Amino acid sequence: MPKTRSPFLPLLLIATTCIANAGAGDVLLPQEPAQEAQPASFPGEWQLLHASIGLSAMHMQLLPGDFVLMFDRTDTGPSNISLAAMAPCAATADGADCTAHSVLLDLRSNVLHPYPLATNPWCSSGALLPNGTLLQTGGFSNGDRVARLFSPATGWVELPSFLAARRWYATDMILPDGRVIVLGGRRQFNFEFFPHDDAAPALTFFPFLDETTELDAEDNLYPFLHLLPDGTVFVFANDRAIVFDPYNRAPLRRLPAVPGGVPRNYPSSGSSVLLPLRPDSPAHAEVLVCGGAPRGAYHLALRNATFVPADRTCARIAPTDRDPAWAIEEMPLARVMGDMVLLPTGDVLIVNGAAAGTAGWELGREPVTRPVLYRPDAQLGVRFEALAASAIPRMYHSSATLDTYGRVLVGGSNPHVGYVFANATYPTELSLEAFLPPYMDARLDGARPRVLAAPGEVGYGEATAVRFEVPAPSGAAAAGEVRVAAVAPAFATHSFGMNQRVVELAVGRVAQLDVGVYEAEVAAPPTPGVAPPGYYMWFVVLAGVPSSAAWVRMRPLGPAT
């Protein structure tokens with residue numbers, strides 16, 4: 001694959017290109033985009049991958065190489081999956097625990113591998129480092145100051161007392177220079193970095209979290225962090241947001257509060273995503289925040305067993321605009337504790353959660369089993385579509401993430417102090433499902449592209465190419481629109497996918513190399529503010545139908561990490 005800048009870079013400013021009926025090697029010029037091929041009648045499909053993975057998937061992270069790491073607390077007692085024969089058992093007050101509290105799923109074989117976990121990561125946070133290792137921070141009790149590193153080859157490597165403060169319900173976000181900011185947590189109105197900055201104080205006070213906390217309810221835990229294209233950070237807590245400069249450790253501007261005053265952060269847990277970044281406007285960014293619970297809902301559920309209906313609004317803002325303002329939209333279903341997952345098409349799937357109550361043990365009611373699709377580029381009023389329902393309620397401590405096949409993996413749900421499987425309204429859930437969005441309709445398989453070759457690593461602004469084939473290159477598929485989307489995998493827990501990101505790449509010439517085989521020239525993301533260094537899934541999307549992904553690493557600007 002070419003990795004040097006070339007004369008076709010100006011052409012790459014074209015965001016999409018259509019495949020024409022050209023001969024091998026022909027230069028294909030932009031044409032009118034085709035209509036998306038997917039039938040509107042397919043509402044998605046649920047598949048059961050495992051009736052039990054042995055634990056409840058409170059936390060979930062997709063890793064390069066097509067692995068998914070899932071883990072739970074370590075203080076709930078034994079899980080339902082044993083450690084490998086040679087793995088050490090953990091000493092507990094009740095004796096030895098020889099079960100696993102973390103498992104690794106190999107997506108290619110659907111085989112689970114148990115891993116020992118020494119300290120408690122309950123309600124912790126994480127980010128994928130530029131080298132593909134998971135950084136995982138904090139938790140509870142003996143884990144609240146621990147930083148952990150995980151890769152399939154090494155398992156868990158613990159860094160005891162690494163954190164300068166207890167991190168429980170904090171948020172991690174990777175920065176353009178490859179460092180990770182760790183912000184917030186219960187009664188922690190501050191942030192720190194991984195690795196440490198030896199030339200600066202270990203902790204920086206962050207008054208915005210102090211301002212947004214509420215007595216007893218808090219409503220600002222697991223703050224929503226999104227990296228903006230200029231390298232600044234959008235932080236949402238409770239019902240409002242600011243933008244700040246992480247390098248100078250200073251707030252830059254305060255955004256207006258969301259109309260209505262509904263808290264959106266834990267325990268009134270809504271969810272949030274940074275909408276896809278486009279190559280024709282790389283400095284523009286929009287944030288979407290959906291769901292939550294009315295103010296006071298947590299106390300009513302906790303003290304009075306009164307479960308207030310969840311919020312059904314979404315709020316959307318462009319924090320990069322000169323005068324940003326929130327636009328309010330209404331979902332077809334009210335939802336608290338929902339997960340928002342970015343899809344390679346640029347759409348957003350909203351899944352899991354409840355229609356009443358809040359996050360917390362035994363505090364949610366009325367499971368919302370139907371996911372909702374949000375199309376951000378559709379006209380206002382027709383952006384939402386309710387999809388096929390799951391048979392399994394996913395309440396508190398559920399998780400969801402995109403995988404390399406374009407599916408959404410859904411697991412977890414344990415609204416109890418321990419594992420409870422009987423005599424409970426919502427028993428502890430150990431199963432793992434995959435939701436197939438509408439673009440995975442089997443009728444589209446003939447139009448589904450398959451990536452044949454992609455670069456293993458690229459630098460910022462470099463020109464490269466992606467080669468793909470289409471099983472049935474005639475008809476609408478052969479005349480369809482080609483896009484390439486780079487998707488950063490999320491660390492998913494407590495209704496927020498930390499670091500998930502979709503960057504649409506600029507596509508230039510698309511040449512036909514053989515019958516049904518094409519090569520698209522693409523430009524890598526222009527800056528680490530647009531796409532921080534590390535691993536991305538590159539999907540080819542043809543007329544709205546995505547391929548499976550190829551893993552591509554964005555090379556850091558500095559020394560390789």
Side-chain angles (χ1 to χ4, degrees), residues 1-20 22 24-31 33-34 64-66 276-280 282 343-346 402-406 439 447-473 477-489 501-526 530-531 534-555:
M1 299 295 174
K3 291 188 177 180
T4 57
R5 298 181 185 275
S6 74
F8 70 76
L9 269 178
L11 180 61
L12 292 175
L13 295 176
I14 301 168
T16 55
T17 300
C18 294
I19 297 176
D26 286 355
V27 175
L28 305 179
L29 299 178
Q31 301 179 4
D66 296 353
L277 301 177
R278 311 292 190 189
D280 54 349
L343 303 179
T345 54
L402 183 75
D403 76 2
T404 45
Y405 300 109
Y439 56 64
R448 193 173 311 284
R450 183 171 73 91
V451 176
L452 300 175
E457 181 176 283
V458 293
Y460 291 99
E462 287 184 353
T464 187
V466 177
R467 187 173 299 176
F468 62 97
E469 67 176 357
V470 184
E481 183 182 86
V482 176
R483 297 184 177 185
V484 179
V487 182
R501 195 175 194 86
V502 171
V503 180
E504 186 175 322
L505 306 182
V507 176
R509 184 182 65 173
V510 179
Q512 184 173 355
L513 305 181
D514 203 342
V515 177
V517 178
Y518 304 90
E519 187 169 86
E521 295 173 334
V522 300
V530 172
Y535 283 87
Y536 290 76
M537 296 177 281
W538 281 26
F539 292 88
V540 174
V541 183
L542 177 61
V545 181
S547 66
S548 293
W551 286 101
V552 179
R553 182 176 184 256
M554 287 304 309
R555 188 186 313 120

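These figures come from a predicted structure and were not determined experimentally.
In terms of the side chain to side chain contact (heavy atoms under 4.5 Å, CB included) criterion, residue partners of P276 (sequence neighbours excluded) are, by chain and number, R278, L342, V502. With sequence neighbours excluded, no residue satisfies salt bridge (Lys or Arg N to Asp or Glu O under 4.0 Å) with D66.
Here the shortest heavy-atom pairing between Y460 and A531 reads OH-O, 2.7 Å. Listed here is the closest heavy atom pair of P525 and V503: CG-CG1, 4.1 Å. When every heavy atom of Y405 is checked against every heavy atom of S548, the shortest pair comes out as CD2-OG, 3.5 Å. Residues P282 and P279 share a closest heavy-atom pair of CD-O, 3.4 Å. The shortest heavy-atom contact between V482 and V507 is O-CG2, 4.3 Å. Taking all atoms of both residues into account, the shortest heavy-atom contact from P344 to A485 is O-CB, 3.5 Å.
Put simply, CG on D403 and CE on M537 are 7.5 Å apart, with the number rounded to the nearest 0.5 Å. Here the CE-CD distance, from M554 to E457, works out to 9.0 Å after rounding to the nearest 0.5 Å. Separation of atoms CG (L505) and CD (E521) is listed at 13.5 Å; rounding is to 0.5 Å. Going from atom CZ of F468 over to atom CD of E519 covers 9.5 Å, rounded to the nearest 0.5 Å.
Formation of a donor-acceptor pair under 3.5 Å by the R501 side chain with backbone atoms of V530 is found in this model.
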Solution key, residues 447-455 side-chain donor-acceptor pairs under 3.5 Å, sequence neighbours excluded:
residue	atom	partner	partner atom	Å
R448	NE	D445	OD1	3.4
R448	NH1	Y439	O	2.9
R448	NH1	P546	O	3.4
R448	NH2	Y439	O	2.9
R448	NH2	D441	O	3.4
R448	NH2	D445	OD1	3.3
R450	NE	E469	OE2	2.7
R450	NH2	E469	OE2	2.5

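Using a 4.5 Å heavy-atom threshold, the side chains of Y518 and L542 count as separate.
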